[in-house]
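Accompanying notes for the structure given below.
Chain letters run A, B, ... following the sequence lines, proteins first and then strands; every chain starts at 1.
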Amino acid sequence: MEPPVLSARGVVKRYGALTAVAGLDVCVERGECYGLLGPNGAGKSTLFRLLTGLARLDGGELEVFGLSVREHATEIKARLGVVGQEDSLDPDLDVWENLRTYGRYFGLRGEAFRARCEELLSFLELDGKRRAPIMALSGGMKRRLAIVRALVNEPEFLLLDEPTTGLDPQIRHAIWNAVRQLKARGLTILLTTHYMEEAAQLADRVGVIDHGRLIVEGRPADVVAAHLPPYVLEFSIARQDPGGWAPLREEALLYEEHGDRAFLFHEDEALLRVWGGRVSEATLRRTSLEDVFLKLTGRSLRD
Amino acid sequence: MTELRRPPPRTARLLAVVRRHWVVYSSTFLANALPAFLEPVLFLTAVGLGLGSYVREGVGDLPLGAFMGPGALAMTAMFTAAFETSYGTFVRLVYQKTYDGMLATPLTPADVFLGELCWCGLKGLLFTSVVLAVFSAFALANGWTAVLRPTALLVPLVGFACSFLFGALGLHVSAVTRNMANFNFFITGALTPMSLFSGMVFPVSDLPPGLRELAYALPLFHVTELNRLLLYGPGACVDFVWVCPLYLALAAPLLAASGLRAITRRIVR
């Protein structure tokens, strides 16, 4: 049987007294898009560093394509595409030379490689930018170029570390669209993100990690269903008549409070609509991955 | 099933790194190369001819300007490499994140930094060739050509070794530097004084005992002396000139190995 594309079993990574990854178990199967969610410092980036050989494994087993990262980093990286959190494009080279030079690191050159670069540039709508210096590109263009660069070696497995952080909605949707097309072509993808909507849009399965450990895993809809009732009524506490809504707290299946916002969860949508009439400026909606994320990882700020 | 992509062999990976530096370098060729090559020319003119006209007796059989040639050639190769792996490497490492991108490919840290040292060597070879040509014209104009040996054509190879060695030293410094200003300790604090006491302007044998032995231990002394051997033959050199190639052949790979280890420890944690 074919090994999973990524298999982490009890992965441990320590930095001095800090344990960044504390026994992580994750498995990514061929062809799937796996979304890794977690607050800052949860261990997502450390996992990426371990996968690209920038950090040494302290414990457990981490394999890509069935090869251990301990002995086969170079073989693994030949078949991997990596889009880091920081673009790490080569600012000393222009767009085209970035791709040519990167290709050489994989031993790629020649007419077929050229054609592939052209095709990828137009796939991410960067055709006109071949001779542009990196410094002249906008943040969105840099990120798209980083994706193009990660694809020049026709990877079997693409690592996307927060691919749309800090980008405007147009670019974000363009990148989502590109990722969906790549997925449709059968590429296996590991995605980290802070945007729950991004995970819900792109990922076949999500895993929530916190304090270096996987705490929840499953299809986005299943994860939501397993942890929260399907509907939520959300409103500002400060704008309510004190005492007017207090009894609802007891009647809700689950009550959560984040700062000034109150969240009443229930499976009965009609009942929540009635309650909505008793508080002012309430919003009734379906529960989302974000509600689950906040419930599981708490509300305190991480950095 | 399509064939799996394999990483390219080590030599191809090293060449890809060298090529990367060459492409960057050649795109700003004038700004990079002109000052680096003007410096020894101006130095030879000002000190060799200016000061040399007061120092009529010269050094041994050589006029001062001719005596200084080997040291000026060594200094060129030393500084070009030392700047490359101190300021250059630090900027790529800390500010540009160039290595993050490179290391996400089949390149290993050893490929990246051995490639960088090979690039230093190549740059040293090129610079030394150019300065050698200028120096030869200089020698011709001053009527010193009679003393030049044909082995002078091998001097650029010493330039390669010299730049490789000082590139490796620079990697050690970059591996521990947190603030770019600290490179002043390396360049102005260590290399510039070294260039004054390595037999460029006056023979090391003229130094007082103690200081003299210290100078014999410096790598730049051995590069200078080897250049002198190739330019003027054994008569112009210290008695133990045969030690110099041996010194470089041992020191360059040893420093490269420990330099690679040091910079890798900084990157892979």
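Annotation: maximal heavy-atom pairing with chain A below 4.5 Å, among B:T98, B:L107, B:V23, occurs at B:L107. Put simply, of A:L54, A:L89, A:T101, the one with the most heavy-atom pairs under 4.5 Å next to chain B is A:L54. Counting heavy-atom pairs closer than 4.5 Å to chain B, the top-ranked of the candidates A:L108, A:V82, A:D92, A:L159 is A:D92. The candidate from A:R149, A:E75, A:R109 with the greatest count of non-hydrogen atom pairs under 4.5 Å with chain B is A:E75. When A:L80, A:D87, A:T52, A:L93 are compared by the number of non-hydrogen pairs under 4.5 Å with chain B, A:L93 comes out ahead. Heavy-atom pairs under 4.5 Å with chain B peak, among A:R56, A:K77, A:R100, at A:K77. Contacts with chain A were tallied for B:P8, B:P106, B:G101; B:P106 has the most, counting heavy-atom pairs under 4.5 Å.
A cation-pi arrangement is present between A:K13 and A:Y15, with the terminal nitrogen or guanidinium carbon under 6.0 Å from the aromatic centre and inside a 45° cone about the axis.
For B:R20, the parts lying under 4.5 angstrom from a heavy atom of chain A are both the backbone and the side chain. Residue contact with chain B, scored on non-hydrogen atoms closer than 4.5 Å, involves the side chain of A:E86 exclusively. Contacts between A:A73 and chain B at a heavy-atom distance below 4.5 Å are absent for every atom of the residue. For a residue to count as touching a neighbouring chain, one of its non-hydrogen atoms must lie under 4.5 Å from one of that chain's; by this rule A:N153 touches chain B with backbone and side chain alike. Contact of A:I134 with chain B is not made at all, since no heavy-atom distance falls under 4.5 Å. Residue contact with chain B, scored on non-hydrogen atoms closer than 4.5 Å, involves the side chain of A:R49 exclusively. Within the 4.5 angstrom heavy-atom criterion, no atom of A:F65 approaches chain B. Of the two parts of B:R13, only the side chain, counted from C-beta on, holds a non-hydrogen atom closer than 4.5 Å to a non-hydrogen atom of chain A.
Remark: A:R185 does not engage A:E154 in a salt bridge, criterion side-chain N to carboxylate O under 4.0 Å. Remark: A:D94 engages A:R131 in a salt bridge, criterion side-chain N to carboxylate O under 4.0 Å. Ionic pairing of A:E125 and A:R144 is not present here: no N-O contact between side-chain nitrogen and carboxylate oxygen is shorter than 4.0 angstrom.
Ring-plane geometry between B:F79 and B:F83 is classed as tilted, the angle between the planes lying from 30 to 60 degrees on a 0 to 90 degree scale. Taking the six-membered ring where tryptophan is involved, the planes of B:F183 and B:F90 are perpendicular, since the angle between them exceeds 60° and thus also 30°.
Judged by distance alone, the side chains of A:T188 and A:E156 never bring a donor and an acceptor atom under 3.5 Å apart.
For B:Y99 and B:F113, the ring centers sit closer than 6.0 Å to each other.
Atom NZ of A:K129 has 12 or fewer neighbouring heavy atoms from other residues, nucleotides or ligands inside a 6.0 Å radius.
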